[in-house]
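All of these numbers come straight from a predicted model, not from anything done at the bench.
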Amino acid sequence: MTAATSPAPTPEPARGWIARSLDLVERVGNRLPDPAVLFLLLMFAAWAVSWALSGIQFTETDPRTGQALVVKNLLAGESITAFFATMVNTFTSFPPLGVVLVAMLGLGVAEHTGFINAVLRGAMAVTPRRLLTPALIAVGILSHIAVDAGYVLVIPLGAVIFYAAGRHPLAGIAAAFAGVSGGFSATMGIPSSLDPLLAGLTQTAAHLVDPSVTVNPLNNFYFTTASSLLIILVGWALTDLVIEPRLKATAVDGDPAELPTQAPLEAHEKRGVLAAFLAMAATALLFLLTVLPETSPWRAPAGTPLAEGQSNLLVSQAPLMQSIVPLIFVFFLVPGIVYGLAAGTVKTHRDIVAGMSKAMGGMGYYIVMAFFCAQFIYAFGQSNLGALLAIKGANALREMGLPLGVTLTGIVVLSGLVNLLVGSASAKWALIGAIMVPMLMQLGVSPDLTQAAYRVGDSTTNIITPLLPYFPLIVVFCRRYVKNSGIGTLVALMLPYSITLMVAWTAFLLAFWALGLPLGVGASYTYLPPGG
């Protein structure tokens, strides 16, 4: 009698060149130093480069000052002392830090009591699995009206939703990140605070040629609204056909006790969800009663400039728009507590504090990364190196004298490249726009079209630059599910979105231009000088 032989293992299917290329990006990226140390090394590099270039006389003019651009030596005595004197304030005033921590206090309670888990499990029972991706990307785009809320709310919930539906959580993070940040310039029919901010800078740049030019804050509104459909379709296809199949080989090894479950809701959970939603409805109703009156203190002060059809609730000066994160805190804290009381997961006030403490404990790694990230961004900004690169790139593009379609594509690519080094959308446009807007006006191109090209490039590389202030936070979200996630993991996840969106969105803009479709309110494609 011969011994039974075990069947030969089934070989894994061959991985395509795209998957192999992304695997290489991930391996190389994850071999880089820890993100906190990487930001420290980048800061030292900025110090060294600023010292090397500080004695050089550049011919470029800084559009912010009107003076010749000067690279500041960060190793000079006054620069070093200023760095140390402002170190604490640089960290505590780092924009994402307060946003993340305040929002996570409310989310921590809702998660600790089981409210978020129960709601998502209930939603998964009635939501078609195939439609999760487009719905998540659409919510990410819609979150732009709430400033940076999408980073701390939509992206982590994307992972939870996908995992609860039996899909890979990192694919949920990728889809949500693509909507929130990759489609940053897209809108879902509601203007964002970015619209008037960029339009104001565009008008300032246009006045260098023609002081009579007026740029409407909604000058790209039709284009950005139509772009939302493109972002959803591209993100949907990439997530389901490229990203998720590649992630099949990536094991989810997070703490099982911390991961959402997929079991049907029990009676006490249904009771808790019902009570929580009633509490949310009552809170929302009370809030609306304070918002709707024309004299509401939530509205922007009288005399605030408004675009045609724009509400004084949705401009950056409105207290409502400045209170988005505290409102997120309240709107998760209240139902989280009510759910816990009704479902029996909260016995005393100590359980609520425990939820907040647990959420803050999970933010320890992010806080360390945020400290070094804030110091590097401060040093890089002080050096003027980013401004130098942006202005030299814009000048080189101007001197090429390319056809208009190629020039518009060049603006997209230049904006995307500068975005890898300068995170602020307004700071980049203040530098690039001061050169590109006047240059193209002299060629008969409207400021509205130039601004639209910039917005495409600015959005598409947000998701692959570690210098995005929220990038370290997304890495933390990934590590909750896959412990060895790093910068390389996230860059490899998002690179297909970045490349595809840049190509597709640029083609979409050129099609808008070729067909003469309206860009936005009061916008045009051509510029005619006075008397021309």
Side-chain angles (χ1 to χ4, degrees), residues 22-53 72-75 79-101 104 151-152 155-156 170 173 177 181 250 253-254 360-383 385-386 389 419-424 461-495 498:
L22 294 176
D23 290 344
L24 177 62
V25 170
E26 180 173 1
R27 289 196 299 271
V28 172
N30 284 345
R31 286 176 181 171
L32 292 172
D34 185 271
V37 176
L38 181 61
F39 285 124
L40 180 64
L41 296 176
L42 287 172
M43 185 181 71
F44 290 155
W47 285 2
V49 174
S50 72
W51 169 80
L53 298 182
K72 184 177 181 180
N73 180 8
L74 298 180
L75 292 179
S79 297
I80 293 291
T81 55
F83 174 78
F84 280 100
T86 59
M87 179 182 288
V88 173
N89 186 61
T90 297
F91 175 48
T92 57
S93 61
F94 187 48
L97 185 64
V99 170
V100 170
L101 296 183
M104 288 304 297
Y151 290 102
V152 296
I155 294 176
L170 295 195
I173 288 177
F177 197 14
S181 199
T250 303
D253 57 1
M360 291 298 99
M363 288 291 101
Y365 181 68
Y366 170 71
I367 292 173
V368 173
M369 283 196 294
F371 173 78
F372 290 102
C373 182
Q375 305 308 322
F376 164 70
I377 290 176
Y378 166 82
F380 194 73
Q382 290 292 307
S383 70
L385 290 172
L389 291 172
N419 192 38
L420 298 176
L421 298 172
V422 183
S424 168
T461 55
N462 276 336
I463 48 183
I464 59 171
T465 171
L467 301 190
L468 177 76
Y470 287 99
F471 202 89
L473 178 66
I474 315 304
V475 174
V476 171
F477 292 150
C478 291
R479 286 189 173 185
R480 180 180 180 185
Y481 297 91
V482 179
K483 293 181 179 178
N484 65 347
S485 296
I487 288 178
T489 303
L490 188 52
V491 171
L493 272 179
M494 305 313 300
L495 192 58
S498 183

Only pairs under 3.5 Å count here: list side-chain donor-acceptor contacts from residues 39-46, not counting sequence neighbours, and write none if there are none.
none

Less than 3.5 Å apart, which donor and acceptor atoms pair up between the side chains of residues 368-383 and the rest of the protein, not counting sequence neighbours?
residue	atom	partner	partner atom	Å
Gln375	NE2	Met87	O	3.2
Tyr378	OH	Thr86	OG1	3.4
Ser383	OG	Phe380	O	2.7
Ser383	OG	Leu385	N	3.2

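In this structure the side chain of Thr489 never reaches within 4.5 angstrom of the side chain of Thr250, judged on heavy atoms. Contact check for Ile173 versus Cys478: side-chain heavy atoms found under the 4.5 Å cut-off. Between Ile367 and Leu101, some side-chain heavy-atom pair lies under the 4.5 Å cut-off. Taking the side chain as every heavy atom from C-beta outward, Leu97 and Phe91 approach each other to under 4.5 Å.
Checked by atom type and distance alone, the side chain of Ser181 never pairs as donor or acceptor with a backbone atom of Phe177 at under 3.5 Å. A donor-acceptor pair under 3.5 Å is absent between the side-chain atoms of Thr461 and the main chain of Leu420, judged by distance alone.
Between atom CD1 of residue Ile80 and atom CG of residue Leu74 there is a gap of 7.5 Å, rounded to the nearest 0.5 Å.
Remark: Trp51 pairs with no residue by the ring-ring contact (aromatic ring centres under 6.0 Å, His included) rule, at least two apart or across chains. Residues satisfying the side chain to side chain contact (heavy atoms under 4.5 Å, CB included) test with Val475, not counting sequence neighbours, are Phe471, Arg479, Leu490.
Across all non-hydrogen atoms, the minimal contact from Leu75 to Asn73 is N-OD1, 2.9 Å. Minimum interatomic distance between Leu170 and Val482 (heavy atoms only, all atoms of both residues): CD1-CG2, 3.7 Å.
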